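Quick notes on the structure that follows.
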Amino acid sequence: MDLNIKVNEKNHLDIGGADAVDIAEEFGTPTYVIDENRIRDNYNRFYSAFSKYYPDFKVFYACKANTNLAVMKILESEGCCIDAVSPGEVYTAKKLGFDGQRILFTGNNITNEELKFVHEEGAVLNIDSVSALNRLAKIIDPEGVKISFRVNPMVGAGHHDHCITGGVMSKFGIMDSEASEVYQQAKDLGFNPVGMHSHIGSGILDPEPFKLAIESTMDIAGKVHQDVGIDFEFVDFGGGVGIPYTPEEKIVDLDKFAEVNIGLFKEKLEEFDMGSPTMYLEPGRFLVGDASVLLVTVNSVKQSYRKFIGVDAGFHTLLRPAMYDSYHHIVDASKMDAPNTQEVDIAGNVCESGDLFARDRPMPDVEEGDVLGIMNAGAYGFTMSSNYNSRPLASEILVTDGKCQIVRERQSFEDLYAQQIIPDHLK
Ligand SMILES: *Cc1c(COP(=O)(O)O)cnc(C)c1O
């Protein structure tokens, strides 16, 4: 199986050289445990796979997947850049030492104030609509400002409808048919449009949609190059490379993936005589998804009409199963060698029937007090968590060569209402 699961000599789950049961005991649960070396390794495998075939290549980490400061710092130290989707992400990246040139801002439905802020922080704006272009031209001096456009390559793919970001139903990007006109308009306004971007979706294991997206984006870029005379400094094909979540899914063969897609990219560069722009990719999930485990503790085992394993986390902690019907592999970290003996539902502590981490999941004889590892929780895990049901946000632990450090304190009850103000007449 291609899932990143390791077991130590005590038959406990091993996370980056640390014992998951010991971590749960020392720091409490629920807690996200992040394996630093796995992130470094994911980045280096990704970077070298593509740069081998096309050295002028840059990785922009789509940080909405996981904005933990330590995670972003780890990637910063590897030389990675940032794809930000909100002013808050730009702000965070700047604070961590990414300079503006290393930040690409791919927002959508952005206000004037936000456009201005992002521009002033020095990030390169990846414009999503003619509306944003015209508004930007009014609020800043456009003369010579480098920008890029997100185009809709009319190809979409993803693990769930919510995650498909190309095609006629998608709210993202400018239309392929209007691209030349929009780039001309940008030039006329004084901007220096130097980039083109597309992002077709998320959680994609099948190489086919990427090939289509590269071809289609390059056809649009080639046409803009010929019609408007834009010499592209970069072309950005977004993120979306998936990771295996189920034992049956296979890890993407990165070398093959890079070889095929860069082959197509180069063919199109030649076809349209476009020189050699830098190639950008924006992986989020791929870099961090399999580097974290959410540890939870079993607090009740209940035989009702079905058998429920109740744990001390819920969809406020990890939303993906409830939101996308996503599969997360779940192991009994306390007894990794125990064979599966039953099929159970693994339920959270939120007062909603939909609060389930798994249905009919084969599991061993799970007992109260066991620590479960919800695997592959590093992407769209903590970042999508909430205080629903007045549950404090989980803590986060970083494991570096077997050594554990808290990188986010568990919230307290005080934190739950820290920003609220009771009006005087209600006191
Ligand atoms: C979310 C997002 C990504 C990353 O997607 P993954 O599936 O996590 O790789 C990349 N680019 C943009 C613009 C995004 O919105």
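For ligands, and for the atoms within them, numbers begin at 1 and follow the listed sequence. Remember, predicted model here, so these are calculated numbers, not experimental data.
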Answer with side chain, backbone, both or neither: which part of [X] has a heavy atom less than 4.0 angstrom from an atom of ligand 1?
X: D83; value: side chain
X: P283; value: backbone
X: R285; value: both
X: Y380; value: side chain

Check each atom of ligand 1 against the heavy atoms of A62 and keep those under 4.0 Å away; list them by number with element.
3 (C), 4 (C), 10 (C)
Taking only non-hydrogen atoms of E282 and a 4.0 Å limit, the atoms of ligand 1 in range are 3 (C), 4 (C), 9 (O), 10 (C), 11 (N), 12 (C), 13 (C)
Could you tell me which non-hydrogen atom of A179 sits nearest to which non-hydrogen atom of I220, and how far apart they are?
CB-CG2, 3.5 Å
I'd like to check the side chain to side chain donor-acceptor pair (under 3.5 Å) partners of R408; sequence neighbours left out, ordered by chain and number.
E396
Mind checking side chain to side chain donor-acceptor pair (under 3.5 Å) for K116 and listing every partner two or more places apart, or none if nothing turns up?
E120
Which protein non-hydrogen atom lies closest to atom 7 (O) of ligand 1, naming both residue and atom, and how far is it?
S202 OG, 2.4 Å
Of the protein's non-hydrogen atoms, which lies at the shortest distance from atom 9 (O) of ligand 1, and what is that distance?
G240 N, 2.8 Å
Does any N or O of ligand 1 fall below 3.5 Å from an N or O anywhere on [X], backbone included?
X: H197; result: no
X: G284; result: yes
X: R150; result: no
X: G201; result: no
X: K64; result: yes

Lys/Arg-Asp/Glu bridge criterion (N-O < 4.0 Å) met for R40, E36:
yes
Within a 6.0 Å radius of atom NZ on K223, are there more than 12 heavy atoms belonging to other residues, nucleotides or ligands?
no
In terms of ring plane angle, is the pair [X] and [Y] parallel, tilted or perpendicular, where the classes change at 30° and 60°?
X: Y245; Y: H328; value: perpendicular
X: Y32; Y: F382; value: perpendicular
X: F57; Y: F50; value: parallel

Cation-pi check, R285 to Y380: give yes when NZ or CZ is under 6.0 Å from the six-membered ring centre and within 45° of the ring axis, no otherwise.
no
